[in-house]
There are 2 protein chains.
Amino acid sequence: MLINIDLQSNEPIYEQLKNQIMIQIARKDLKPGDGLPSVRRFAADLGINLHTVNKAYQQLKQEGFILIHRQKGVVVNPEGIPSVDGEYEEKLAQSLRPLIAESACRGMTEGEFTSFCRQLFKQLTDEGDEY
Amino acid sequence: MLINIDLQSNEPIYEQLKNQIMIQIARKDLKPGDGLPSVRRFAADLGINLHTVNKAYQQLKQEGFILIHRQKGVVVNPEGIPSVDGEYEEKLAQSLRPLIAESACRGMTEGEFTSFCRQLFKQLTDEGDEY
DNA sequence: CTAACTGTTATACTATTAATATAACAGTTA
DNA sequence: TAACTGTTATATTAATAGTATAACAGTTAG
């Protein structure tokens with residue numbers, strides 16, 4: 001679990017945690033069934049509070065990314081991550097619209113924007129053994 | 001100025017304002033040189049506080065979207081909006097990465113994601129005379 | 001000149017959220 | 001038994017969003 005938390009960022013710590021865990025799942029550094037540290041271990045390793053880790057875990061649990069068993073601990077959902085549905089698409093659109101609007105204002109074309117996304121997508125899902 | 005503010009949204013009001021103004025510039029509903037309402041007028045029309053409008057204006061000003069003359073009032077930058085630069089690309093990438101990661105986790109392919117973006121881009125920049 | 005506007009600044013208050021600090025409970029496991 | 005697990009409760013601090021007034025200085029229309 002190579003997680004990097006920036007305490008100076010204006011992005012909340014629990015969001016940073018959620019995002020980096022999702023990125024590792026996307027890269028398949030974390031696979032269905034893989035275990036995650038306990039809230040206390042993780043908090044101690046990252047130098048943050050256990051409640052902050054717990055908040056990230058609770059939200060990842062509610063969105064179906066992880067399961068939390070009293071016995072087995074915290075685990076990446078063995079059934080896999082819930083697929084895209086209409087609700088998620090609407091949430092995604094709502095997040096993307098402002099980014100697209102600003103990019104268009106600044107002169108980005110449709111092709112340039114989608115190329116930019118394609119490039120990021122490749123980097124993120126490129127199964128990570130490069131160094 | 002057809003702006004719609006959702007007071008119940010968890011998206012801050014000044015962000016909603018910024019985004020909707022940027023969207024109207026992207027659609028060319030607002031063109032360089034066009035005037036915007038005074039902070040007091042706008043606030044009264046929207047039923048919000050003048051400082052909330054001012055906060056949105058100040059940020060749009062700093063990013064080069066609008067100019068504020070003591071005389072002419074508030075105006076969409078007549079020189080046009082500043083182009084994409086390295087700094088903006090980095091900010092954009094930082095915003096897109098979590099969205100792409102979550103979409104990839106949920107099984108979206110690179111093609112599906114870029115198609116989704118392309119579609120949104122078209123809708124946003126489609127010069128708006130449809131009804 | 002006056003009155004009504006303009007952006008700007010300052011101060012104060014409330015509500016919400018993020019993050020931390022302890023503490024405790026109940027269940028699991030070596 | 002001892003050390004762990006997730007979970008819950010309570011309290012505090014800090015930052016942010018939003019509102020409410022008030023005032024200042026410059027502009028403009030009547």
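Within every chain, numbering begins at 1; the chains are lettered A, B, ... in the order of the sequence lines, protein sequences first and strands thereafter.
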Original post:
Are any non-hydrogen side-chain atoms of B:R97 and A:L120 less than 4.5 angstrom apart?
Top reply: yes

Original post:
Atom CG of A:N54 to atom C1' of C:dA19: distance rounded to whole Å?
Top reply: 13 Å

Subject >> Gap between atoms CG and P, on B:L46 and D:dT19 respectively (whole Å) >> reply: 10 Å

Original post:
Please, what dot-bracket string fits DNA chain C when only Watson-Crick and G-U pairs with both distances under 3.5 Å count, crossing ones use [ ] and pairs to another strand use |?
Top reply: ||||||||||||||||||||||||||||||

Original post:
Looking at C:dT6, D:dT7, D:dA20, which one has an atom nearest to any side-chain atom of B:R41?
Top reply: C:dT6

Subject >> Side-chain N,O (B:K55) to OP1/OP2 (D:dA17) below 4.0 Å >> reply: yes

Subject >> Separation of atom CD in B:E11 from atom P in D:dA17, rounded to whole Å >> reply: 12 Å

Original post:
How many Å lie between CZ on B:F42 and P on C:dC5, as a whole number?
Top reply: 18 Å

Original post:
Which one, C:dT20, C:dG7, D:dT19, comes nearest to the side chain of B:V39?
Top reply: C:dG7

Throw together a table of side-chain donor-acceptor distances under 3.5 angstrom for residues 2-10 of chain A, partners on residues two or more places apart or in other chains.
residue	atom	partner	partner atom	Å
A:D6	OD1	A:Q8	N	2.9
A:D6	OD1	A:S9	N	3.4
A:S9	OG	A:E11	N	2.8

Polar atom pairs between nucleotides 23-30 of chain C and protein, under 3.5 Å, N or O only, would you list them?
residue	atom	partner	partner atom	Å
C:dA24	N6	A:R40	NH2	3.1

**OP:** Return the value, rounded to whole Å, for the distance between atom CD of B:Q59 and atom P of D:dT16.
**Re:** 12 Å

Original post:
D:dG18 P sits how many Å from B:D6 CG, rounded?
Top reply: 12 Å

**OP:** Report yes if at least one side-chain N or O of A:K61 is closer than 4.0 Å to OP1 or OP2 of D:dT7; otherwise report no.
**Re:** yes

Original post:
To the nearest Å, how far apart are A:L60 CG and D:dG6 P?
Top reply: 14 Å

Original post:
D:dA17 phosphate, OP1 or OP2: any side-chain N/O from B:T52 under 4.0 angstrom?
Top reply: no

Atom pairs and distances, donor-acceptor, side-chain atoms in residues 31-40 of chain A, under 3.5 Å, two or more places apart:
residue	atom	partner	partner atom	Å
A:K31	NZ	A:K28	O	2.8
A:D34	OD2	A:K31	N	2.8
A:S38	OG	A:R41	N	3.1

Original post:
Under 4.0 Å between a side-chain N/O of B:Q58 and OP1 or OP2 of C:dT8, yes or no?
Top reply: yes

Subject >> Atom-to-atom span, CD of A:Q8 to P of C:dA19 - whole angstrom >> reply: 12 Å

Original post:
Nearest to the side chain of B:S38 - D:dG6, C:dG7, D:dA20?
Top reply: C:dG7

Original post:
Does the side chain of A:L96 come within less than 4.5 Å of A:Q94's, by heavy atoms?
Top reply: no

Subject >> Nearest-nucleotide pick for B:V74, side chain only, options being C:dG7, D:dG18, C:dT8 >> reply: C:dG7

Side-chain donor-acceptor pairs under 3.5 Å in residues 80-87 of chain A, sequence neighbours left out?
residue	atom	partner	partner atom	Å
A:D85	OD1	A:E87	N	3.4
A:D85	OD1	A:Y88	N	2.8

**OP:** Please lay out, stage by stage, how B:F65 and A:R106 fare under the test side chain to side chain contact (heavy atoms under 4.5 Å, CB included).
**Re:** CA-CA 9 Å; B:F65 284 77; A:R106 294 188 187 273; 3.7 Å; yes

**OP:** Go through C:dT20, D:dT19, D:dG6 for me and flag the one nearest to the A:I68 side chain.
**Re:** D:dG6

**OP:** Please list residues of residues 13-22 of chain B whose heavy atoms come under 4.0 Å from any atom in DNA chain D, ordered by number; otherwise none.
**Re:** B:I13, B:Y14

